[in-house]
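For reference, the structure discussed in these notes is given below.
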Amino acid sequence: MQQLAERVYTLIGSIPHGKVASYGQIAALAGYPNHARKVGQLLRQLPDGSTLPWHRVVNSQRRISFPEESQKFAEQKQKLEAEGVTFSARNLIPSQYLWN
DNA sequence: ATGATGACCGCGG
DNA sequence: TCCGCGGCCATCA
């Protein structure tokens with residue numbers, strides 16, 4: 001479990017500027033498939049001033065996993081747009097940027 | 001031990 | 001696109 005945490009942080013930190021990865025991808029790359037929820041839990045515990053690019057992590061539908069009206073949603077979207085990530089008309093789907 | 005709760009995932013309808 | 005459902009799994013009451 002401790003392993004998962006370390007790897008997850010490393011992987012997230014390695015996501016290129018302007019690109020995004022999904023919770024599931026991070027978990028799988030860390031060697032723990034089916035642990036997407038755990039990744040979310042780890043990010044949720046992150047301190048506010050964290051330098052980790054948590055905003056580059058979205059769900060498998062390429063959508064921000066926060067309710068649209070929430071402050072966190074706005075924050076994540078803003079950070080992504082600042083990196084040049086574009087969203088669809090409904091502001092939910094980062095169009096072309098997805099990690100492989 | 002049991003049930004509820006997530007920054008999740010995929011498949012249907 | 002928008003739900004609902006089952007699957008998944010650690011955490012906590």
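Side chains are part of it too, since the values below use all heavy atoms of this structure and drop only hydrogens, waters and symmetry mates. Residue numbers begin at 1 in each chain, while the letters A, B, ... track the order of the sequences.
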Worksheet item: Would A/Q45 and A/Q41 satisfy side-chain contact (heavy atoms from CB on, under 4.5 Å), going step by step from the backbone distance to the final call?
Response: CA-CA 6 Å; A/Q45 304 174 330; A/Q41 180 213 312; 3.0 Å; yes
To the side chain of [X], which of [options] is closest?
X: A/S65; options: B/dA7, B/dC9, C/dT11; value: B/dA7
X: A/R37; options: C/dC9, B/dA7, C/dA10; value: C/dC9
X: A/K72; options: B/dA7, C/dA10, B/dC8; value: B/dA7
X: A/S22; options: C/dC8, C/dA10, B/dC9; value: B/dC9

Does the side chain of [X] get closer than 4.0 angstrom to OP1 or OP2 of [N] through an N or O atom?
X: A/R44; N: B/dA7; answer: yes
X: A/S60; N: B/dC9; answer: yes
X: A/K38; N: B/dA7; answer: no

Is A/L42 close to A/I12 at the side-chain level, that is, under 4.5 Å between some pair of heavy atoms? no
Do A/Y32 and A/V39 have side chains that get closer than 4.5 Å, going by heavy atoms?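 No, too far: nothing below the 4.5 Å cut-off.
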Please figure out whether A/Q61 or A/Y23 has its closest DNA chain B nucleotide nearer the 5' end.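 Final value for this comparison: A/Y23.
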Review point. Do other residues, nucleotides or ligands put more than 12 heavy atoms under 6.0 Å from the NZ atom of A/K72?
Key: yes
On a whole-Å scale, what distance lies between the C1' atoms belonging to B/dA1 and C/dA13?
->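 It works out to 13 Å between them.
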_Spacing between A/E68 atom CD and C/dT1 atom P, to the nearest angstrom_ =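 Checked: the CD to P distance equals 11 Å.
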